[in-house]
Amino acid sequence: MTPMRRIPALDTAVSALGYGCMGISWAYVSPADRDDEAGVAIIREALDSGVTFFDTADAYADGHNERVVGRALAESGASPVVATKAGFVGNIVDGKIVMTRNGRPEHIRAACDASLQRLGLEVIDLYYLHRVDPEVPLEESWGAYADLAAAGKIRAAGLSEVSVEQADAAHAIHPVAAIQSEFSLWARDAAGGGQNQDGADVGDVVSWTKDHDAIFVPFSPLGRGFLTGRVSVGDLKAGDFRTQLGRWQSDAVQANQAIVEGVRRVADRHSVTPAAIALAWVLAQGEHIIPIPGTTKSANLQANLQALTVTLTNDDLAELDGLPPAVGGRY
Ligand SMILES: NC(=O)c1ccc[n+]([C@@H]2O[C@H](COP(=O)([O-])OP(=O)(O)OC[C@H]3O[C@@H](n4cnc5c(N)ncnc54)[C@H](OP(=O)(O)O)[C@@H]3O)[C@@H](O)[C@H]2O)c1
């Protein structure tokens with residue numbers, strides 16, 4: 001049986017390992033290479049494998065990702081917990097991904113209706129503010145989420161890449177059910193001492209969620225594939241989002257091999273892949289943590305699910321905790 005974890009705000013439990021749908025449509029795949037059939041198939045395989053927590057966003061290829069999720073839900077007849085997001089708009093400009101923020105309440109209200117339609121749902125289980133918009137007071141953006149909950153369009157609301165200070169401000173207006181931030185063996189900022197995408201100190205968001213009966217949802221828990229030891233920077237195609245990130249520039253990649261080697265040492269002891277160990281470490285950081293690794297490949301999906309069979313020893317955890325910090329920025 002798939003190990004489960006609770007989402008208190010929804011009064012339900014989901015598979016301890018969720019599935020992130022982004023890579024089917026965005027960031028690591030060019031518009032020309034998008035394959036809807038394969039996307040539906042991998043989501044359905046995840047469902048068949050016991051995954052009941054799916055993550056998407058309207059920003060992932062201008063609704064394409066939500067449409068693929070909607071198709072997979074309709075064709076499978078399954079009703080997993082579905083999370084989506086608003087407040088970030090993605091564009092491709094001169095072959096590069098450019099994200100802009102829009103936290104205006106009218107944008108969020110319209111985005112919610114559009115997401116419901118694309119997903120084929122009457123209510124969104126978990127609706128995140130994808131990023132805080134510096135041009136719009138958080139109270140206004142988050143107030144729109146409170147209104148959507150009151151209108152029965154969303155069950156619960158979450159934040160992404162926020163600081164403890166922002167979480168407190170939002171929580172005073174409407175309960176924060178979840179915080180989704182990057183978190184993995186090479187991106188531990190959300191556990192304290194780190195910075196968000198805007199360079200602001202975030203504080204210990206992982207503990208904040210635990211203390212407020214919320215879940216913490218690590219995005220990119222495999223370090224966008226780096227921690228698997230199987231993504232080579234030389235193989236990334238033009239337009240792959242990773243080519244834009246500090247941590248993926250060749251000098252940083254070389255320096256960060258020490259992290260992958262450490263993960264591989266632990267993986268060899270457990271006879272599993274480094275991917276499974278990277279995910280097992282994230283899962284071991286708290287029972288309120290539900291990571292959402294993404295993959296477009298069946299073999300990788302199954303390798304990731306192996307994380308649920310791994311019990312890391314105290315020595316393993318100490319070894320992984322002691323890995324060197326990553327060289328290069330997350331963004
Ligand atoms: N809130 C936010 O701002 C935000 C930002 C980024 C992501 N997210 C969410 O988080 C989810 C996951 O993050 P992510 O996709 O960026 O990163 P990730 O899950 O850390 O890594 C995905 C990458 O790893 C590769 N991969 C996955 N499993 C593998 C395995 N077992 N062996 C080798 N390679 C493997 C995938 O390639 P293959 O397809 O070839 O397997 C893909 O390139 C996204 O889908 C999205 O829902 C949210």
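These figures come from a predicted structure and were not determined experimentally.
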Visitor: Quick one: which of Val266, Thr273, Asp268 gives a side-chain contact (heavy atoms from CB on, under 4.5 Å) with His270?
Guide: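 Of the listed residues Val266, Thr273, Asp268, the side-chain contact (heavy atoms from CB on, under 4.5 Å) partner of His270 is Val266.
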Visitor: What distance do Leu312 atom CG and Leu317 atom CG have between them, rounded to the nearest 0.5 Å?
Guide: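 That separation rounds to 5.0 Å.
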Visitor: Say whether, by atom type as modelled, one donor and one acceptor occur between the side chain of His64 and the main chain of Ser25 under 3.5 angstrom.
Guide: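 Between the backbone of Ser25 and the side chain of His64 there is no qualifying donor-acceptor contact (under 3.5 Å).
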Visitor: Would you say His107's side chain and Gly103's backbone share a donor-acceptor pair under 3.5 angstrom?
Guide: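 Checked: no pair found.
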Visitor: Between Asp94 and Lys96 (salt bridge meaning N to carboxylate O under 4.0 Å), is one present in this structure?
Guide: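 Salt bridge absent between Asp94 and Lys96.
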Visitor: So does Asp36 pair up with Arg67, basic N to acidic O under 4.0 Å?
Guide: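 A salt bridge is absent here (no side-chain N lies under 4.0 Å from a carboxylate O).
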Visitor: Connecting only ILVMFWY residues whose side-chain heavy atoms lie within less than 4.5 Å of each other, what is the rest of Val98's hydrophobic cluster?
Guide: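 Cluster partners of Val98: Val93.
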Visitor: Report yes or no: does Asp48 contribute a side-chain atom to a donor-acceptor pair with the main-chain N or O of Glu45 at less than 3.5 Å?
Guide: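 It does not hold such a pair.
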Visitor: How many angstroms lie between atom OH of Tyr19 and atom CD1 of Ile43, to the nearest 0.5 angstrom?
Guide: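 Those atoms lie 5.5 Å apart.
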Visitor: Return yes if some donor-acceptor pair links the side-chain N/O of Asp55 with the main-chain N/O of Ile292 below 3.5 Å, else return no.
Guide: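 Judged by distance alone, no pair lies under 3.5 Å.
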Visitor: Any sub-3.5 Å donor-acceptor pair from Ser115's side-chain atoms to Cys112's backbone N or O?
Guide: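 No.
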Visitor: Keeping Arg34 on the side-chain end and Gly39 on the backbone end, is there a donor-acceptor pair under 3.5 Å?
Guide: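 Answer holds: no.
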Visitor: Salt bridge check, Arg101 against Asp198: does any charged N sit closer than 4.0 Å to a carboxylate O?
Guide: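 Yes, this pair counts.
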Visitor: Strictly by side chain to side chain donor-acceptor pair (under 3.5 Å), give each pair with a member in residues 132-153 just once, sequence neighbours left out.
Guide: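 Checked against side chain to side chain donor-acceptor pair (under 3.5 Å) - neighbours excluded - the pairs reaching residues 132-153 are Asp113-Lys153.
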Visitor: Assess whether atom CD of Gln117 is packed by more than 12 heavy atoms of other residues, nucleotides or ligands within 6.0 Å.
Guide: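 At most 12 heavy atoms, drawn from other residues, nucleotides or ligands, come within 6.0 Å of this atom.
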Visitor: Compare all side-chain heavy atoms of Met22 with those of Thr56 and state whether any distance is below 4.5 angstrom.
Guide: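 With C-beta onward as the side chain, the pair stays apart.
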Visitor: When you compare the side chain of Leu126 with that of Tyr128, does any pair of heavy atoms fall below 4.5 Å?
Guide: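 Side-chain contact under 4.5 Å: yes.
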Visitor: Compile the donor-acceptor pairs under 3.5 Å between side chains in residues 322-331 and protein atoms, sequence neighbours left out, one pair per line.
Guide:
unit_1	atom_1	unit_2	atom_2	d
Arg330	NE	Asp189	OD1	3.3
Arg330	NH1	Glu161	OE2	3.0
Arg330	NH1	Glu182	OE1	3.0
Arg330	NH2	Glu161	OE1	3.0
Arg330	NH2	Gln195	O	3.1
Tyr331	OH	Arg131	NH2	3.0
Tyr331	OH	Arg224	NH2	3.4

Visitor: Table please: side-chain donor-acceptor pairs of residues 71-80 below 3.5 Å, with sequence neighbours left out.
Guide:
unit_1	atom_1	unit_2	atom_2	d
Arg71	NE	Glu75	OE2	3.0
Arg71	NH1	Glu37	OE2	3.4
Arg71	NH2	Glu37	OE1	3.2
Arg71	NH2	Glu37	OE2	3.4
Arg71	NH2	Glu75	OE2	3.2
Ser76	OG	Ala72	O	2.8
Ser76	OG	Leu73	O	3.3
Ser76	OG	Ala78	N	3.1

Visitor: Would the number of heavy atoms belonging to other residues, nucleotides or ligands and lying under 6.0 Å from CD of Glu122 be above 12?
Guide: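 Counting neighbours around CD of Glu122, 12 or fewer heavy atoms of other residues, nucleotides or ligands fall under 6.0 Å, so no.
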Visitor: Considering residues, nucleotides and ligands other than Asp33, do more than 12 of their heavy atoms fall under 6.0 Å from its CG?
Guide: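 It does: Asp33 CG has more than 12 such atoms within range.
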Visitor: Charged N to carboxylate O below 4.0 Å: is that the case for Arg269 and Glu319?
Guide: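 The answer is yes: the pair qualifies as a salt bridge.
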Visitor: Going by side chain to side chain contact (heavy atoms under 4.5 Å, CB included), name the residues that satisfy it together with Thr228, two or more places apart in sequence or in a different chain.
Guide: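 Leu222, Arg230, Val231, Ala275.
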Visitor: Run the ring-ring contact (aromatic ring centres under 6.0 Å, His included) test on Trp248 and Phe241 for me, step by step, so that the C-alpha distance in whole Å, both residues' side-chain angles and the decisive distance to 0.1 Å come before the verdict.
Guide: CA-CA 10 Å; Trp248 286 84; Phe241 186 51; over 10 Å; no
Visitor: Give a yes or no on this: more than 12 heavy atoms of other residues, nucleotides or ligands lie within 6.0 Å of atom CG of Asp204.
Guide: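 Yes, the 6.0 Å shell around CG holds more than 12 heavy atoms from other groups.
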Visitor: Which value, rounded to the nearest 0.5 Å, describes the distance between Ile215 atom CD1 and Ile179 atom CD1?
Guide: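 Here the rounded value is 10.5 Å.
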Visitor: What residues, two or more places apart in sequence or in another chain, satisfy ring-ring contact (aromatic ring centres under 6.0 Å, His included) together with Trp281?
Guide: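 Testing Trp281 for ring-ring contact (aromatic ring centres under 6.0 Å, His included), a comparison that skips the adjacent residues, returns Phe183.
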